[in-house]
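Note that the structure is predicted; figures quoted are calculated from it, not measured.
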Amino acid sequence: MAISWSGAKKGDNVLDVCCGTGDLAFLLSDKVGPTGKVVGLDFSKEQLLIASSRQHSQSKTCYENIKWIEGNAIDLPFPESSFDAVTIGYGLRNVVDRLKVLEEVCRVLKPGSKVSALDFNKSTNPFSTSFQEWMIDYVVVPAADIYGLANEYRYLKRSINEFLTGKELERLALNAGFSSAKHFETGGGLMGNLVAVR
């Protein structure tokens, strides 16, 4: 859904901010095809090395259109109006300056193009919030503990509590310069996706 909501299509030049190990970038590559271009940007060199390794271990022709760049989301190294679509997957919640990131994304998007930002949802519904916290405590963290990663996932509850609600994200996007913004709750309210148009 995050890829579809970005509006990316065949032949487009697209950007995945906070790309991590490349999950959304690979989906974007499928969407824009071999005539399109995908840039995956992340500040973590280690994550980008994993993404690059994944890219080269798979034989899909379209994956040759992906370029990995080490960079900062609050200072994107691209000129204005460079991209037809931008995605951010589970990154906006973790940056130090969310407004600056959205301003930068707005700057590098072409007029009329969209950003699609997928993340955990900070629900205003008490039931959804309780269910989400239960899932993290009793499913996500124990599953991560099997791989020795429990500490890396325990931060989720705190980071979601410190995140913005859908309405707050919409206002933030408008303050960043987008012409319109809409937040969608998915997965029974556990996840959310901000879609904003430059």
Requested in this report: May I have the step-by-step check of side-chain contact (heavy atoms from CB on, under 4.5 Å) for Leu76 and Val105, ending in yes or no?
Outcome: CA-CA 8 Å; Leu76 296 175; Val105 168; 4.3 Å; yes

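- Screening Leu172, Leu92, Asp119 for a side chain to side chain contact (heavy atoms under 4.5 Å, CB included) involving Leu164 leaves a single residue, Leu172.
- At least one donor-acceptor pair closer than 3.5 Å links the side chain of Ser116 to the backbone N or O of Ala2.
- Side chain to side chain, Asn94 and Ser159 fail the donor-acceptor criterion of an N or O pair below 3.5 Å.
- How far NZ of Lys45 is from OG of Ser52: 13.0 Å, rounded to the nearest 0.5 Å.
- Considering only heavy atoms from C-beta on, Trp5 comes within 4.5 Å of Asn193 through its side chain.
- Ile136 and Tyr147 fall within the same hydrophobic cluster, where Ile, Leu, Val, Met, Phe, Trp and Tyr residues are linked whenever their side-chain heavy atoms come under 4.5 Å apart, directly or through other members.
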Report task. Apply the test side-chain contact (heavy atoms from CB on, under 4.5 Å) to residues Leu194 and Val115: give CA-CA distance (whole Å), side-chain angles for both, the deciding distance (0.1 Å), then the verdict. Result -> CA-CA 8 Å; Leu194 174 70; Val115 60; 5.5 Å; no

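- In this structure, Asp84 contributes its side chain and Asn13 its backbone to a donor-acceptor pair below 3.5 Å.
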Requested in this report: Under the salt bridge (charged side-chain N to carboxylate O under 4.0 Å, His left out) rule, what do Asp75 and Lys100 come out as? Steps first, then yes or no, please.
Outcome: CA-CA 8 Å; Asp75 186 20; Lys100 182 63 177 165; over 6 Å; no

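- Under the 4.5 Å side-chain contact rule for hydrophobic residues, Ile69 and Val38 do not share a cluster.
- Checking Asn72, Thr21, Leu48, Asp16 one by one against Asp42, the side chain to side chain contact (heavy atoms under 4.5 Å, CB included) holds for a single residue, Leu48.
- Residues Leu118 and Val101 fall into different hydrophobic clusters, defined by Ile, Leu, Val, Met, Phe, Trp and Tyr side chains chained together at heavy-atom separations under 4.5 Å.
- Of the possible polar contacts, none joining the Glu104 side chain to the Leu99 backbone as a donor-acceptor pair under 3.5 Å is found.
- Formation of a donor-acceptor pair under 3.5 Å by the Asp30 side chain with backbone atoms of Leu27 is not found in this model.
- Between Phe178 and Val197 there is no side-chain heavy-atom pair separated by less than 4.5 Å.
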Query raised in the report: For Glu168 and Thr165, what are the C-alpha separation, side-chain angles and deciding distance, and is it a side chain to side chain donor-acceptor pair (under 3.5 Å)?
Result: CA-CA 5 Å; Glu168 290 169 334; Thr165 65; 3.3 Å; yes

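- Between Phe120 and Tyr90, the ring center distance clears the sub-6.0 Å criterion.
- Across Pro77, Cys19, Cys18, a single residue satisfies side chain to side chain contact (heavy atoms under 4.5 Å, CB included) together with Leu41, and that is Pro77.
- Formation of a donor-acceptor pair under 3.5 Å by the Ser53 side chain with backbone atoms of Leu49 is not found in this model.
- Val17 and Val86 make their closest contact through CG2-CG1, 3.8 Å (heavy atoms, listed as atom of the first residue, atom of the second, distance).
- Ring planes of Trp68 and Phe26: perpendicular class, angle over 60° (limits at 30 and 60°).
- Counting heavy atoms from C-beta outward, Ile66 and Ser29 have side chains that approach closer than 4.5 Å.
- At a threshold of 4.5 Å between non-hydrogen side-chain atoms, the residues Val32 and Lys9 do not count as touching.
- Two residues are said to be in side-chain contact when any heavy atoms from C-beta on lie closer than 4.5 Å; Thr87 and Val14 fail this criterion.
- Between the side chains of Asn151 and Arg154, at least one donor N or O sits under 3.5 Å from an acceptor N or O.
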Report task. For side-chain contact (heavy atoms from CB on, under 4.5 Å), just list the numbers for Ile160 and Arg93, CA-CA rounded to whole Å, side-chain angles, deciding distance to a tenth of an Å, and then say yes or no. Result -> CA-CA 7 Å; Ile160 293 168; Arg93 177 173 39 89; 4.2 Å; yes

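- For Phe43, the CZ atom is loosely surrounded, since the number of other residues' heavy atoms within 6.0 Å does not exceed 12.
- Side-chain N or O atoms of Asp145 include none that pairs as donor or acceptor with a backbone N or O of Gly148 at under 3.5 Å.
- What you find for Gly22 and Ala51 is that their closest heavy atoms are N-CB, 4.1 Å.
- Under the 4.5 Å side-chain contact rule for hydrophobic residues, Leu109 and Phe78 share a cluster.
- Hydrophobic clustering (ILVMFWY, side-chain heavy atoms < 4.5 Å, transitive): Tyr155 and Tyr153 are in one cluster.
- One distance of note links CD1 of Ile74 with CG of Leu102; it measures 12.5 Å at 0.5 Å rounding.
- Between the side chain of Glu185 and the main chain of Leu190, no donor-acceptor pair closer than 3.5 Å is present.
- The OG atom of Ser113 sits 8.5 Å away from the CZ atom of Arg198 when rounded to the nearest 0.5 Å.
- Ser6 and Ala85 make their closest contact through O-CB, 3.5 Å (heavy atoms, listed as atom of the first residue, atom of the second, distance).
- Remark: Glu64 CD to Gln58 CD distance equals 12.5 Å, nearest 0.5 Å.
- Scanning both residues, Asn121 and Gln132, for their nearest heavy atoms gives O-NE2, 3.0 Å.
- Leu169 contributes atom CG, which lies 10.0 Å from atom NZ of Lys122 (distance to the nearest 0.5 angstrom).
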**Report entry** Residues Asp23, Arg54; criterion side-chain contact (heavy atoms from CB on, under 4.5 Å); working and verdict
**Finding:** CA-CA 10 Å; Asp23 289 344; Arg54 291 176 68 196; 2.7 Å; yes

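- The residues Asp12 and Lys37 are annotated as not salt-bridged, no charged nitrogen and carboxylate oxygen being separated by less than 4.0 angstrom.
- Interatomic distance, Ser82 OG to Leu15 CG, rounded to the nearest 0.5 Å: 9.0 Å.
- Inter-residue side-chain proximity for Arg98 and Phe163 is flagged as met; some heavy-atom pair is nearer than 4.5 Å.
- No salt bridge links Arg107 with Glu103; every basic N to acidic carboxylate O contact stays at or beyond 4.0 Å.
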